[in-house]
Amino acid sequence: MHARSRRFYLILQSYRVYQNDIFQRGTTCQVLNLRFSPIRKLNMTGKFMELHTLNLDFSVHLNSFHINCFSCMPKLMRLSMCETRVANLWMTSAALSKLRSLVELRFQTCLCCFDTGPCPTSGGVIRLGNEKIFSDKQQFSSYLGSRCVDNDDMLEQTMEHSTDDNLGRLCSDNLSFLNHDSLKSTTQVLSDESDSEFSSDTKEVDNLRKISDTVIEFNNQANSNVIVSPSKHSTPSSIISSVPTLIPTFEEVMSSSRRLNDSNSFIGHANADEFCCQHNYIDNFTITEEFSKDEGSLTNSLKVKNVTMTSLKNHISSHPSPICFETYYKEYMITSLPNLLVLDNLPIGDVEREQAKLVFKRYFECAPYNRQGKDSVVSIVQRREISSGVFFQRSSKVKQRYLRESNHSFLRSLSAAKVNSSPQPHSHSISNFRSGPSEETKSFRPRQFEYHPTDPRLMVFGTLDGELVVINHESEKLVGYLPSVGTTLNSILGLCWLKKHPSKLIAGSDNGSLQMYDVCRMLSKVTDRYCNMDASMHTFDDFEQLTSVHINSNDEYILASGFSNHVALYDMCSGRRLQIFKDLHKEHINVVKFAYHSPTLFATASFDKDVKMWDLRQGMSQPCYTASSSRGNVMVCFSPDDYYLLTSAIDNEVKQLLAVDGRLLTSFDITSTGHAQNYTRSYYMNGRDYMITGSCEEHVVRICCAQTGRRLKDVHLEGRGSKNSIFIQSLRSDPFRAFHMSILAAHWHPFTKSEIIKVNLLQTEECIEESTSG
């Protein structure tokens, strides 16, 4: 490696060690500025007992939190996370709920505001109290560059407290000589040795060039601070990358900086043609004055009893984190964090809080099956066990009588409590395994998969290389393996198990081949050597450019569709192709699905924007009905009882229809990305109670109540590296286990293989980590 790149790599390693040391030990500081940090997963588990202000702005790699993060910050009142990658409402609100003193939060900033307090143009809570905290230094006050002492001696003195004595010497060097080649070689090493909680891509190197100009200052006085922030020579715009931004140029920054008043106030001044203007907003509100002895407390401010929305027209936000683009994000945060007074520089009054509760109740589920969000597993089991028939719950005045829950209702309540207590569900890959104790780990490239309809242990997946793999997904052991045949590798795109013959399945490839296989005849271990053992039971006539196959409920017929307007019907017993139904749609038919219980009913989903229901008994001259979407349809499936159809069109257009006549029952309100190739797929979960949906240009699976459309939870997949390099190619719910599913995840990186990720919503990721480490 180039010597200069090596030096820069050492800076990164030393910075990580130093920062981890702070996170694990904690500190007695009151203000902690971690802007432009390369953190990917924040894990501040140390004791920060005096901390009241935390700034994580422009940490463009930060996307998640450890569930125990923020556990030891009893006094944290202000938190800023603008221009990060934080996107998960549920995980974020669960982590922030530990901050009992949090009153000011922002994920985006008003253009005229420099701290987390309420925008002066919006009215509301006007802080007059905390001058003492911010009088000495205003490191937290502005995106325009912190007012820090740029002194190499101070830097080296500070670094003496670090776990790496060489960090101060390294950071004090001038790193401007680094060229593109050295940065590239540095990034290559970082990617090989990267910590999962830190980013290591090229943009992080730009980020760390800011860190090389950092001043880290300790002040052991009463108002001691720890500040990790860029110096006045660094420009934020040079490191902001993939998240959409309105970040100003350096000239704009300097111009805006001059507009700050001399009194060190956080109120910006500009002329009428610029972003913000000074208003006499105090006269418009009723203000009560409350003071406490603690100068850092919540009540040391002026409060507004009634907040109006008339002044919000002048509120212009910038530097948003992805979480800000979630539908009803503000209402969710306000309801989840009842102590919050300011969000994104906007004050939260009684009116806003009540409106947020109404929106939350309409669009979100607090807990599955409308259970109480505060119910725990222990309380549910206690209610179950107290007495054999009825029990009483004591209240302050009246004894309330409860009937014993049915077993079905009890299991639902138990599942609801577990899901509610698992903000970050447990997930792990099941497509990489060893076929024997002495065998090497085999990494496959899955392209399609299906759970077994009658055996809860089995799953089959086909690969991009034409392999068939049957596994026991509970024990993660190989059951059957069939290598690809021939020199041409053909991806397996269609898979379907037989219902009456549990060891047999149908597989279709992109070259049009369609075959029946018997798992009992497959190899019991992975091998590249040719074997004359033939697992194929029958070869059907080819269907060119095949994309989907499905078998009806009595194993009598097979349907195949592909990149054409036609559908082929095969007889299972004879293996003959009975008929090709031509021109069922105007564009190619991506998916064809038989009903679960009616052997002659099937639905087709086409990119001509139509979903059609067909009945073989009525002929194929016209469909039973046609339902249309605004974009091309990618997926359609029946509910397990055949009452409903779930349709998925491009870019998160998901609807539930009545199967009998195609009437719209539920339209799921999911934010579109605007991408024409964002192919969306949806399936039912827990019977027909919930639906799961994911798209090929997003790394999130959304879970919604199928009947009401309310959002229950989002599951975000975290790829390795700072970019959201992982996306959802397909997904299925476990037909035997409530709140279990598997996801076919692919990666943007060309050398990273796709994988099947199994997700358990009833178990949190941190519990698994603790039990493993213990």
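What's counted below: heavy atoms across the whole structure, side chains too, no hydrogens, waters or symmetry copies. Predicted model, so just to flag it, every value in this text is computed and none were measured.
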Enquirer: Looking just at side-chain N and O atoms, do Glu755 and Ser431 make a donor-acceptor pair shorter than 3.5 Å?
Expert: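 No, Ser431 and Glu755 have no side-chain donor paired with an acceptor closer than 3.5 Å.
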Enquirer: Taking side chain as C-beta onward, heavy atoms only, is Leu546 less than 4.5 Å from Leu514?
Expert: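 The answer is yes; the side chains approach within 4.5 Å.
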Enquirer: At their closest point, which heavy atom of Leu478 faces which heavy atom of Ser524, and how far apart are they?
Expert: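 The answer is CD2-O, 3.5 Å.
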Enquirer: For the pair Tyr679 and Phe607, name the ring-plane relationship: parallel under 30°, tilted 30 to 60°, perpendicular over 60°.
Expert: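 Aromatic pair Tyr679/Phe607 classed perpendicular.
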Enquirer: Roughly how far, to the nearest 0.5 Å, is the CZ atom of Phe594 from the OG1 atom of Thr600?
Expert: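 So the gap between those two atoms works out to 8.5 Å.
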Enquirer: If you measure from CD on Gln656 to OG1 on Thr708, what distance do you get to the nearest 0.5 Å?
Expert: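 The OG1 atom of Thr708 is 10.0 Å from CD of Gln656, to the nearest 0.5 Å.
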Enquirer: Is it the case that over 12 heavy atoms from other parts of the model lie below 6.0 angstrom from the CD atom of Gln707?
Expert: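 Atom CD in Gln707 is packed in, count exceeds 12.
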Enquirer: His585 side chain to His566 main-chain N or O, any donor-acceptor pair under 3.5 Å?
Expert: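 The answer is no, because no donor-acceptor pair under 3.5 Å joins these two groups.
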Enquirer: How are the rings of Phe602 and Phe581 set to each other: parallel, tilted or perpendicular (split at 30° and 60°)?
Expert: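 Answer is parallel, since the angle falls under 30°.
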Enquirer: Do the side chain of Asn552 and the main chain of Asp555 share a donor and acceptor less than 3.5 angstrom apart?
Expert: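 Checked: pair present.
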Enquirer: Can you check whether Glu467 reaches Leu482 side chain to side chain, under 4.5 Å on heavy atoms?
Expert: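 Glu467 does not reach Leu482 side chain to side chain.
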Enquirer: Grab the two heavy atoms, one from Ser509 and one from Asn490, that are nearest each other, plus how far apart they are.
Expert: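 Heavy atoms only, the tightest pair is CB-CB, 4.0 Å.
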Enquirer: What pair of heavy atoms forms the shortest contact from Phe540 to Gly575, and how long is it?
Expert: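 Looks like CD2-O, 3.4 Å.
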Enquirer: Consider side chain to side chain contact (heavy atoms under 4.5 Å, CB included). Of Cys704, Ser733, Ser682, which one does Ile692 pass it with?
Expert: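 Of the listed options, the one satisfying the test is Ser733.
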Enquirer: Is the cationic atom of Arg688 (NZ for Lys, CZ for Arg) positioned less than 6.0 Å from the six-membered ring centroid of Tyr644 and within 45 degrees of its normal?
Expert: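 No, Arg688 does not sit over the ring of Tyr644.
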Enquirer: Taking atom types as modelled, is there a side-chain donor on Ser503 or His501 under 3.5 Å from an acceptor on the other?
Expert: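 No, His501 and Ser503 have no side-chain donor paired with an acceptor closer than 3.5 Å.
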Enquirer: May I have the step-by-step check of side-chain hydrogen bond (donor to acceptor under 3.5 Å, both in side chains) for Ser548 and His550, ending in yes or no?
Expert: CA-CA 7 Å; Ser548 174; His550 206 239; over 6 Å; no
Enquirer: Looking at Glu697, Arg631, Glu698, which one forms a side chain to side chain donor-acceptor pair (under 3.5 Å) with Asn678?
Expert: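 The residue from Glu697, Arg631, Glu698 that satisfies side chain to side chain donor-acceptor pair (under 3.5 Å) with Asn678 turns out to be Glu698.
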Enquirer: Could you check if a side-chain atom of Ser564 sits within less than 4.5 angstrom of a side-chain atom of Phe543, using non-hydrogen atoms only?
Expert: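 Result yes, sub-4.5 Å side-chain heavy-atom pair found.
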Enquirer: How many angstroms lie between OG in Ser630 and NZ in Lys655, if you round to the nearest 0.5 Å?
Expert: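 Here the interatomic distance stands at 6.0 Å.
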Enquirer: Using a 3.5 Å distance criterion without hydrogens, assess whether the side chain of Ser484 forms a donor-acceptor pair with backbone atoms of Asp465.
Expert: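 Judged by distance alone, yes, a pair lies under 3.5 Å.
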Enquirer: Tell me whether the rings of His426 and His428 are parallel (<30°), tilted (30 to 60°) or perpendicular (>60°).
Expert: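 The rings of His426 and His428 lie parallel, inter-plane angle below 30°.
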Enquirer: With a 4.5 Å limit on heavy-atom distance, are the side chains of Thr92 and Ile323 in contact?
Expert: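 The answer is yes; the side chains approach within 4.5 Å.
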Enquirer: Donor-acceptor pair, distance only, cut-off 3.5 Å: does the side chain of Lys758 make one with the backbone of His473?
Expert: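 Side chain of Lys758 to backbone of His473, a donor-acceptor pair under 3.5 Å: yes, one is there.
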Enquirer: Indicate yes or no: at least one non-hydrogen side-chain atom of Tyr570 is less than 4.5 angstrom from one of Leu559.
Expert: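 No, side chains not in contact.
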Enquirer: Start with the C-alpha distance between Arg711 and Glu326, add both sets of side-chain angles, then the distance that settles salt bridge (Lys or Arg N to Asp or Glu O under 4.0 Å), and finish with yes or no.
Expert: CA-CA 12 Å; Arg711 294 269 288 279; Glu326 286 289 341; 3.2 Å; yes
Enquirer: What heavy-atom pair brings Tyr683 and Lys593 nearest, and what distance separates the two atoms?
Expert: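 Looking at all heavy atoms of both residues, the closest pair is OH-NZ, 4.4 Å.
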Enquirer: Would you indicate whether the side-chain heavy atoms of Ile728 and Val701 approach each other to under 4.5 Å?
Expert: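 Val701 reaches Ile728 side chain to side chain.
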Enquirer: So, the side chain of His675 versus the backbone of Gln677: is there a donor-acceptor pair under 3.5 Å, distance only?
Expert: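 Checked: no pair found.
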Enquirer: Determine whether more than 12 heavy atoms belonging to other residues, nucleotides or ligands lie under 6.0 Å from atom OH of Tyr643.
Expert: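 Result for OH/Tyr643: open.
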Enquirer: Mind running ring-ring contact (aromatic ring centres under 6.0 Å, His included) on Tyr690 and Phe739 for me, showing each step along the way?
Expert: CA-CA 9 Å; Tyr690 289 89; Phe739 296 111; 5.7 Å; yes
Enquirer: Please report the shortest heavy-atom distance between Arg577 and Asp541, naming the atom on each side.
Expert: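 Heavy-atom minimum between the residues: CB-OD2, 3.7 Å.
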Enquirer: Does a salt bridge link Glu653 with Lys609, judged by any charged N lying under 4.0 Å from a carboxylate O?
Expert: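 Judged by the 4.0 Å cut-off on N to carboxylate O distance, Glu653 and Lys609 do not form a salt bridge.
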Enquirer: Drop me the distance from Lys477's NZ to Arg457's CZ, to the nearest 0.5 angstrom.
Expert: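 Lys477 NZ to Arg457 CZ: 12.0 Å, rounded to 0.5 Å.
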Enquirer: Would a distance-only check, ignoring hydrogens and angles, find a side-chain to backbone donor-acceptor pair under 3.5 Å from Asp642 to Tyr596?
Expert: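 Yes, Asp642 side chain to Tyr596 backbone: donor-acceptor pair under 3.5 Å.
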Enquirer: Nearest heavy-atom pair of Ser443 and Lys753: which atoms, and what distance?
Expert: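 For Ser443 and Lys753, the tightest heavy-atom pair comes out as O-NZ, 3.1 Å.
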Enquirer: Would the distance check show the side chain of Asp571 and the main-chain N or O of Arg576 forming a donor-acceptor pair, the cut-off being under 3.5 Å?
Expert: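 Pair absent, no side-chain N/O of Asp571 close to backbone of Arg576.
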Enquirer: Tell me, with the steps shown, if Val469 and Phe444 meet side chain to side chain contact (heavy atoms under 4.5 Å, CB included).
Expert: CA-CA 9 Å; Val469 185; Phe444 295 99; 3.8 Å; yes
Enquirer: Phe563 and His588: aromatic ring centres closer than 6.0 Å?
Expert: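 Yes.
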Enquirer: Rounded to the nearest 0.5 Å, how far apart are OG1 of Thr647 and CG of Asp610?
Expert: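 Thr647 atom OG1 to Asp610 atom CG measures 11.0 Å (nearest 0.5 Å).
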Enquirer: Please check if the side chain of Thr547 supplies one atom and the backbone of Asn590 the other of a donor-acceptor pair under 3.5 Å.
Expert: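 Yes, because the side chain of Thr547 sits within donor-acceptor range (under 3.5 Å) of the backbone of Asn590.
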Enquirer: For Ser695, run the side chain to side chain donor-acceptor pair (under 3.5 Å) check against Asp651, Asn652, Thr673 and tell me which one passes.
Expert: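 Exactly one option meets the side chain to side chain donor-acceptor pair (under 3.5 Å) with Ser695, and it is Asn652.
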Enquirer: Check whether any side-chain heavy atom of Val611 lies under 4.5 Å from a side-chain heavy atom of Thr604, and answer yes or no.
Expert: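 Result no, sub-4.5 Å side-chain heavy-atom pair not found.
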Enquirer: Taking Arg732 first and then Glu450, would you say they form a salt bridge - that is, a charged N and a carboxylate O separated by under 4.0 Å?
Expert: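 So Arg732 pairs with Glu450 through a salt bridge.
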Enquirer: Step by step, work out the side chain to side chain contact (heavy atoms under 4.5 Å, CB included) result for Arg40 and Ser64.
Expert: CA-CA 7 Å; Arg40 288 184 57 237; Ser64 61; over 6 Å; no
Enquirer: For residues Tyr369 and Asn686, is any side-chain donor paired with an opposing acceptor at under 3.5 Å?
Expert: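 Side-chain D/A pair, Tyr369 to Asn686: present.
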Enquirer: Hey, is the main chain of Asp608 close enough, under 3.5 Å, to the side chain of Ser606 for a donor-acceptor pair?
Expert: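 A pair under 3.5 Å: yes.
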Enquirer: Judged by modelled atom types alone, do Thr680 and Ser648 share a side-chain donor-acceptor pair under 3.5 Å?
Expert: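 Judged by distance alone, the side chains do not pair up.
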Enquirer: Hey, what do you get for CD1 (Ile506) to CH2 (Trp497), rounding to the nearest 0.5 Å?
Expert: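 Ile506 CD1 to Trp497 CH2: 11.5 Å, rounded to 0.5 Å.
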Enquirer: Verify, without hydrogens or angle tests, whether Asn760 (side chain) and Leu762 (backbone) share a donor-acceptor contact under 3.5 angstrom.
Expert: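 Yes.
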Enquirer: Evaluate the side-chain proximity of Pro368 to Leu761: yes if any heavy-atom separation is below 4.5 Å, no if none is.
Expert: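 Answer no - side chains too far apart.
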